[in-house]
Amino acid sequence: MAIPLNDTVRTLIDAKNFAVVATLNDDGSPQTSVLWITRDGDDLLFCTVRGRRKERNLARDPRVSVTVIDATDGYSYVELRGTVTMTDEGGRELINALAQKYHGRDFGDEPPANVRVVVRVNADKVVEH
């Protein structure tokens with residue numbers, strides 16, 4: 001069951017803070033990636049390319065942990081744990097919106113074979129530090 005995000009968590013996600021997403025490899029070992037994030041209401045969103053390790057891991061096992069670190073105070077962060085859903089719909093739009101947030105411009109061209117995937121995190125646990 002999804003839980004609502006409080007204003008502190010929303011502010012942290014809405015700022016230009018990077019996040020670290022942790023997924024599980026086939027053998028149960030952790031895999032982490034640093035990435036750009038945004039949110040849609042109480043859902044955290046990020047984007048990846050179909051076939052990348054995190055996308056394959058999440059397609060197999062949708063459990064995820066995402067840590068968002070405050071760029072102005074590295075000791076302040078929030079961890080969101082939950083499950084994801086993924087869709088190809090809106091992937092290109094999301095990567096452009098994220099590039100605008102973090103760099104002030106569209107993402108730019110990428111190989112036509114890259115299929116952008118929207119990853120939606122439905123948090124069932126939020127831990128603030």
Side-chain angles (χ1 to χ4, degrees):
M1 175 177 210
I3 58 173
L5 304 178
N6 67 35
D7 288 341
T8 302
V9 174
R10 285 174 175 239
T11 299
L12 201 58
I13 293 169
D14 292 347
K16 287 185 185 181
N17 294 310
F18 290 95
V20 178
V21 61
T23 66
L24 295 171
N25 288 316
D26 290 339
D27 64 3
S29 63
Q31 181 273 332
T32 61
S33 301
V34 176
L35 40 75
W36 296 337
I37 56 165
T38 192
R39 67 181 176 84
D40 179 18
D42 289 325
D43 292 339
L44 183 132
L45 302 177
F46 63 89
C47 196
T48 189
V49 172
R50 177 134 347 261
R52 287 196 178 151
R53 172 65 61 189
K54 65 182 155 290
E55 187 272 337
R56 292 192 324 258
N57 285 348
L58 291 169
R60 189 190 70 262
D61 183 342
R63 294 176 297 168
V64 70
S65 170
V66 181
T67 302
V68 183
I69 304 161
D70 186 339
T72 64
D73 177 6
Y75 295 104
S76 178
Y77 62 94
V78 63
E79 179 192 11
L80 297 93
R81 294 182 212 158
T83 56
V84 304
T85 56
M86 297 188 290
T87 181
D88 297 349
E89 187 175 326
R92 188 67 191 166
E93 292 81 5
L94 179 57
I95 195 62
N96 280 329
L98 290 168
Q100 285 289 339
K101 174 182 175 180
Y102 286 87
H103 291 294
R105 65 184 187 301
D106 281 350
F107 188 71
D109 293 332
E110 57 184 327
N114 283 2
V115 175
R116 284 279 162 189
V117 178
V118 174
V119 182
R120 180 176 295 270
V121 178
N122 185 305
D124 53 32
K125 183 170 182 82
V126 176
V127 181
E128 293 180 66
H129 298 276

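Note that the structure is predicted; figures quoted are calculated from it, not measured. What's counted below: heavy atoms across the whole structure, side chains too, no hydrogens, waters or symmetry copies.
- Side-chain atoms of Arg60 come within 3.5 Å of backbone N or O of Leu24 as a donor-acceptor pair.
- Between Leu80 and Ala123, the shortest heavy-atom distance links the atoms CD2-CB, 4.0 Å.
- No hydrogens or angles considered: nothing links the side chains of Gln31 and Ser29 as a donor-acceptor pair under 3.5 Å.
- Using cut-offs of 30° and 60° for the angle between ring planes, the Phe107 and Trp36 rings count as perpendicular.
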Subject >> side chain to side chain contact (heavy atoms under 4.5 Å, CB included) assessment of Leu12 paired with Glu128 >> reply: CA-CA 11 Å; Leu12 201 58; Glu128 293 180 66; over 6 Å; no
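- Under the salt bridge (Lys or Arg N to Asp or Glu O under 4.0 Å) criterion, the residue pairs touching residues 6-22 are Arg10-Asp42, Asp14-Arg39, with sequence neighbours excluded.
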Original post:
Is there a side chain to side chain contact (heavy atoms under 4.5 Å, CB included) between Val66 and Glu79 once you walk through the steps?
Top reply: CA-CA 6 Å; Val66 181; Glu79 179 192 11; over 6 Å; no
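- Nearest approach of Asn96 to Gly108, heavy atoms of both residues: OD1-N, 4.2 Å.
- When all heavy atoms are compared, the tightest approach of Glu55 to Val117 is CG-CG2, 4.4 Å.
- Checking side-chain atoms of Asn25 against main-chain N and O of Asp27 turns up no donor-acceptor pair under 3.5 Å.
- With Val21 as the fixed residue, the side chain to side chain contact (heavy atoms under 4.5 Å, CB included) test singles out one of Val34, Ile37, Val64, Val119: Val64.
- Remark: Leu45 CG to Leu35 CG distance equals 11.5 Å, nearest 0.5 Å.
- Atom CG of Asp26 and atom CG of Asn57 lie 6.5 Å apart (nearest 0.5 Å).
- Taking CG of Leu58 as the start and OG1 of Thr48 as the end, the distance is 8.5 Å to the nearest 0.5 Å.
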**OP:** Report the C-alpha distance between Val121 and Phe46 in whole Å, list the side-chain angles of each, state the deciding distance to 0.1 Å, and finish with yes or no for side chain to side chain contact (heavy atoms under 4.5 Å, CB included).
**Re:** CA-CA 8 Å; Val121 178; Phe46 63 89; 3.9 Å; yes
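- The OG1 atom of Thr23 lies 8.5 Å from the NZ atom of Lys54; values are rounded to the nearest 0.5 Å.
- Side chain of Asp43 to main chain of Asn122: no donor-acceptor pair is present (N/O by atom type, distance under 3.5 Å, no hydrogens or angles).
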**OP:** Go through Arg116 and Leu94 one step at a time and tell me if the side chain to side chain contact (heavy atoms under 4.5 Å, CB included) criterion holds.
**Re:** CA-CA 9 Å; Arg116 284 279 162 189; Leu94 179 57; over 6 Å; no
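- The main-chain N or O of Gly51 is found under 3.5 Å from a side-chain atom of Arg56 such that the two form a donor-acceptor pair.
- Of the possible polar contacts, none joining the Tyr102 side chain to the Ala97 backbone as a donor-acceptor pair under 3.5 Å is found.
- A continuous path of ILVMFWY side-chain contacts below 4.5 Å connects Phe18 to Leu98, so both sit in one hydrophobic cluster.
- The distance from atom CZ of Arg81 to atom CD1 of Ile3, rounded to the nearest 0.5 Å, is 10.5 Å.
- For the atom pair OG1 of Thr11 and CG of Asp70, the computed distance is 10.0 Å after rounding to the nearest 0.5 Å.
- Heavy-atom minimum distance, Ile95 versus Cys47: CB-SG, 4.0 Å.
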